[in-house]
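Shown next, in structure tokens, is the structure this report addresses.
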Amino acid sequence: MISRKNMGSVSPLLLITLVLGVCFATYNLVTMVMHNRSISKPTIYYNSDGGIFVDPIIEMPESVRKLKRAKMPFHVALTATDAPYSKWQCRIMYYWYKKQKDLPGSEMGGFTRILHSGNPDNLMNEIPTVVVDPLPAGLDRGYIVLNRPWAFVQWLEKATIEEEYVLMAEPDHIFVTPLPNLAHGGYPAAFPFFYIRPDQNEKLLRKFFPEEMGPVTNIDPIGNSPVIIKKELLEKIAPTWMNVSLKMKDDPETDKTFGWVLEMYAYAVASALHGVQHILQKDFMLQPPWDLEIGKRYIIHYTYGCDYNMKGELTYGKIGEWRFDKRSFLRGPPSRNLPLPPPGVPESVVRIYKYQ
């Protein structure tokens, strides 16, 4: 240490050396910060009150992500009916849940099939199941998915859920890698769907999301699944989600415009009404045939038909020489001797075939 008494006799060469050292350290620090920014560009979100925050997951440096933390298990819950079409998908989904649950990196906890047919079925002893009531007859008007929010409302009221978080999943989800808890405290994690566009449907959404709640961009471009969310938040959102779904279905213009994604919009609106914003996780899920590789993603969603010619070329919109479409199996599961996919079919589609 250099004392004040000796400051006057300090060598000019030593002072120059110290200054150069400080400059060099500052340069390294600035370079490191700029390097981190180039790797992870922050994504800005807006709260319902106009406040700004940075996405805590996307902005988090890789070195910090790898720090050890206590496990945050989540309960896996999916809604289902007692139809054969739903049953075989639930069995496959539950099988791969069990395969991934205890692998390194997984934070999956318990599992519940929420059966909204009102009566037990023949899978009760195979898959952990809670039976809830469907909506009153005729209320869903043939839109069976409208039962989903009502099913979650009942389940949350009657079930004992040990985990603090819940993953809302669907029968046509396949876990392909161990799934960690992607949520961050009060910010749930969700998959962004390209076809959920609040910004393009402001006129309709203002019927359910008044202007005093802020811009429609406060509504996340998501559905309810896949979503990892704190149980206490879901308990607040679920009744609103149910009511907004029913109101949207009762509005002819909204019903016609949103169609089969109406219930997804209803969840997004309900969350925004409660001031809840989601971390948008693109790696949460992939959707063949559009997503070709699995990479670091966690769930395959096989909702789309996959049609190919024998050269392995996609023929979407036209029934292919080789195809896999879950709707081809309304009365029961796919046969075990399905024809092999032709060479050239992408990895994501081959994996669906292998995992049936």
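No experiment lies behind these values; they were computed from the predicted model shown.
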For the backbone of [Y] and the side chain of [X], can you confirm whether one donor and one acceptor N or O come within less than 3.5 Å of each other?
X    : Y    : result
S348 : D291 : yes
H173 : E170 : yes
Y355 : V350 : no
S106 : M108 : yes
S225 : M168 : yes

Atom of [X], atom of [Y] and distance for their closest heavy-atom approach:
X    : Y    : answer
I222 : P192 : CG2-CA, 4.3 Å
L103 : P178 : CB-CG, 3.7 Å
V349 : P289 : CG2-CA, 4.2 Å
P239 : V153 : N-CG2, 3.7 Å
V145 : E263 : CG1-OE1, 3.3 Å
P334 : F324 : CG-CE1, 4.1 Å

Using 0.5 Å steps for rounding, measure from the [atom1] atom of [X] to the [atom2] atom of [Y].
X    : Y    : atom1 : atom2 : answer
D140 : R148 : CG    : CZ    : 13.0 Å
K101 : K98  : NZ    : NZ    : 11.5 Å
L246 : L146 : CG    : CG    : 5.0 Å
K354 : I174 : NZ    : CD1   : 13.0 Å
C90  : D82  : SG    : CG    : 10.5 Å
T257 : Q200 : OG1   : CD    : 12.5 Å

[atom1]/[X]: more than 12 non-hydrogen atoms of other groups inside 6.0 Å:
X    : atom1 : result
K207 : NZ    : yes
R331 : CZ    : no
K231 : NZ    : yes
E211 : CD    : no
N122 : CG    : yes

Determine whether [X] and [Y] make a side-chain contact, defined as any pair of heavy atoms from C-beta on separated by less than 4.5 Å.
X    : Y    : value
F258 : L205 : yes
Y308 : P346 : yes
P198 : T217 : no
I219 : Y265 : no
M213 : N218 : no
I196 : D220 : no
F284 : I299 : yes
W88  : F329 : yes

TODO: Can you spot which of Y165, F152, W155 makes a ring pair (Phe, Tyr, Trp, His ring centres under 6.0 Å) with H75?
DONE: W155

Out of curiosity, does [Y] fall in the hydrophobic cluster containing [X] (side-chain heavy atoms, cut-off under 4.5 Å, transitive links)?
X    : Y    : answer
Y95  : L179 : yes
I161 : I229 : yes
F194 : L292 : no
I127 : V131 : no
I319 : Y353 : no

Salt bridge present between [X] and [Y] (N-O < 4.0 angstrom):
X    : Y    : answer
R91  : E126 : yes
D307 : K318 : no
R113 : D121 : yes
D251 : K256 : no
E164 : K230 : yes

For [X], all residues meeting side chain to side chain contact (heavy atoms under 4.5 Å, CB included), sequence neighbours excluded:
X    : result
Q154 : V132, D133, W150
E202 : R206, V216
P342 : M310, W322, V345
E293 : E347

TODO: Could you tell me which residues satisfy ring-ring contact (aromatic ring centres under 6.0 Å, His included) with Y97, sequence neighbours excluded, listed by chain and number?
DONE: Y94, F111

Open item on the list: Between D250 and R141, is the salt bridge (Lys or Arg N to Asp or Glu O under 4.0 Å) condition met? List the steps.
Closed with: CA-CA 10 Å; D250 281 338; R141 302 176 199 174; 2.2 Å; yes

TODO: Hey, can you tell me if W290 and Y304 have their rings parallel, tilted or perpendicular (30° and 60° cut-offs)?
DONE: perpendicular

TODO: Assess whether side-chain contact (heavy atoms from CB on, under 4.5 Å) is satisfied between H116 and L135, documenting all intermediate values.
DONE: CA-CA 9 Å; H116 56 75; L135 289 168; over 6 Å; no

TODO: Could you please spell out the steps behind the side-chain contact (heavy atoms from CB on, under 4.5 Å) verdict for R297 and V176?
DONE: CA-CA 8 Å; R297 296 166 185 168; V176 288; 5.6 Å; no

- [ ] Determine whether the aromatic ring centres of W241 and Y267 lie less than 6.0 Å apart.
- [x] yes

TODO: Quick one: do N309 and E313 satisfy side chain to side chain donor-acceptor pair (under 3.5 Å)? Show the steps, please.
DONE: CA-CA 5 Å; N309 61 28; E313 298 169 335; 2.7 Å; yes

Open item on the list: The test is side-chain contact (heavy atoms from CB on, under 4.5 Å); show your working for V166 and I228 and say whether it passes.
Closed with: CA-CA 6 Å; V166 172; I228 299 177; over 6 Å; no

Task: Test side-chain contact (heavy atoms from CB on, under 4.5 Å) applied to H278 and F191, step by step - done: CA-CA 9 Å; H278 297 70; F191 177 79; over 6 Å; no

- [ ] Quick one: list whatever passes salt bridge (Lys or Arg N to Asp or Glu O under 4.0 Å) with K249, sequence neighbours left out.
- [x] D255

Task: Residues N181 and K71: side-chain donor-acceptor under 3.5 angstrom - done: no

